[in-house]
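Please read the structure below before turning to the comments.
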Number of protein chains: 2
Amino acid sequence: MAMRKRQLVSNELTEAALQLLALKGFDAVTIDEIATTAGVSKRTFFRYFASKEDVVVQFLADMGADMRAELAARSAEERPSAALQCAVGVPIATCADHSDRALRVVQLILRTPALHARFLERQAQWRDDLAAELAQRLGLDPDSDLYPRLAAGMALNAFDAVLHRWSGSDGAEDPAELIDRAFAVIAPALDTV
Amino acid sequence: MAMRKRQLVSNELTEAALQLLALKGFDAVTIDEIATTAGVSKRTFFRYFASKEDVVVQFLADMGADMRAELAARSAEERPSAALQCAVGVPIATCADHSDRALRVVQLILRTPALHARFLERQAQWRDDLAAELAQRLGLDPDSDLYPRLAAGMALNAFDAVLHRWSGSDGAEDPAELIDRAFAVIAPALDTV
DNA sequence: CCGCTCGTGTCACTGAGTGTCAAGATGTCA
DNA sequence: TGACATCTTGACACTCAGTGACACGAGCGG
């Protein structure tokens, strides 16, 4: 029950935050405002999120874990480019599924420098995770071999480019097709083993 | 004279900031402290820098312009991988030259989440710059072709990986050799035109 | 000498983020 | 059911980042 309540308040805060931020812009919304809208105090907000940026970025937090899980689930015989494309494809598909909500969040992030910065930092953690998974998968030493980190970086780079185009076209372009085109460019470097 | 004085105060602030931040850690230093050490008021600090992060990141601001300039100066016949490696090599060489100061700054950035986030955001601007230059160089349309953005991203990715290794080894590893190895990995994707 | 501009310091203010404590809700066990 | 322990929350006070307003003094042209 305690956990359920926590989840409930957390959702309430996220909901209020996304609503207000998308409506009025990042800087024009105070944390007091978000907390009051969600029916809690400012102090409680900070018991759930570390900062205003965190509410938004946390909303996408699962993406990293999802990608790593998908990569780990892929057959070891599969070429790295194919496995990585599937891994990156998971969060992209999630976005495409909830295109109404996800598009607004992505546009908010890409348009707000403070959010973009935090988002990139989060991605750096995903990259390290993917690199570790990739190194294990290929039996490489991540401390001496540059390939895992570079490969993971390239995949997330493609991910970023797709998000950027998707957001810039207001969801008009097809994410799946963009992913295909992006990986067609980077695959030659991913599969040279 | 006015510009010289501005530069003088700016240098004083940068000096004081880097000194204090490296010594006590990012969060343990207040802006009041930095300003007082430099002999000015807190208000004046904000007339030179937008935030505490900015003092550090601004210190590396020229890197972006340097890279783009180097890329623009390279012969158009040169393969993209070679041209990009030279472009990225410029700031790396600058780091290696001032290894005492540069190493401390890089380690501070990579170790401090708030700084790392701002640094990545800055890099995103560099990437867009490089992509634009690359698109012009190759006669591609940056709005329809994914290659320029992905190629620039891969190059900066390599740049990042090198900085990470260089910082992690306390400057023991040779940046030039690391760049060579990183570009050996990504070159197959850069040169498939 | 007068007025102009520009850079700076002082002051006051909003908002982010944190520590502390008391009170209430909840969960457990007898 | 009742007593006790735990956890969550709100209220308050505080530090510090960042901004706006204004007044002061230095340098400069008339």
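Quick caveat, the model's predicted, so the values are computed rather than measured. So you know, we letter chains A, B, ... as the sequences are listed, proteins then strands, and number each from 1.
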- Task: Quick one: which residue pairs count as a side chain to side chain donor-acceptor pair (under 3.5 Å) with a foot in residues 14-23 of chain B, not counting sequence neighbours?
- Result: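 Every side chain to side chain donor-acceptor pair (under 3.5 Å) pair that includes a residue of residues 14-23 of chain B, provided the two are not neighbours, is B:E15-B:R101.
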
- Item | Linked hydrophobic residues, A:L120 as query - side chain contacts closer than 4.5 Å |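 Result for A:L120 is B:L120.
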
- Starting at atom OH of B:Y48, determine the distance to atom P of D:dA17, rounded to an integer number of angstrom.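 B:Y48 atom OH is separated from D:dA17 atom P by 20 Å.
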
- In whole angstrom, what separates A:L8's CG from C:dT26's P?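 Interatomic distance, CG of A:L8 to P of C:dT26: 13 Å.
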
- What string of B, S and - do you get for nucleotides 13-25 of chain C 5' to 3' if you count protein non-hydrogen atoms under 4.0 Å? --SSBBBB-----

- For A:E177, check side chain to side chain donor-acceptor pair (under 3.5 Å) against everything at least two apart and list the hits.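 A:E177 satisfies side chain to side chain donor-acceptor pair (under 3.5 Å) with no other residue.
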
- Query: Sequence neighbours excluded, which residues qualify as side chain to side chain donor-acceptor pair (under 3.5 Å) partners of B:D129?
  - Reply: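 Applying side chain to side chain donor-acceptor pair (under 3.5 Å) to B:D129 gives none.
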
- Inter- and intrachain pairs under salt bridge (charged side-chain N to carboxylate O under 4.0 Å, His left out), touching residues 25-46 of chain A, at least two apart: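 Every salt bridge (charged side-chain N to carboxylate O under 4.0 Å, His left out) pair that includes a residue of residues 25-46 of chain A, provided the two are not neighbours, is A:K24-A:E33.
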
- OP1, OP2 of D:dT9 versus side-chain N and O of A:T44: anything below 4.0 Å?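 Answer no for this pair, as no side-chain N or O of A:T44 is under 4.0 Å from OP1 or OP2.
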
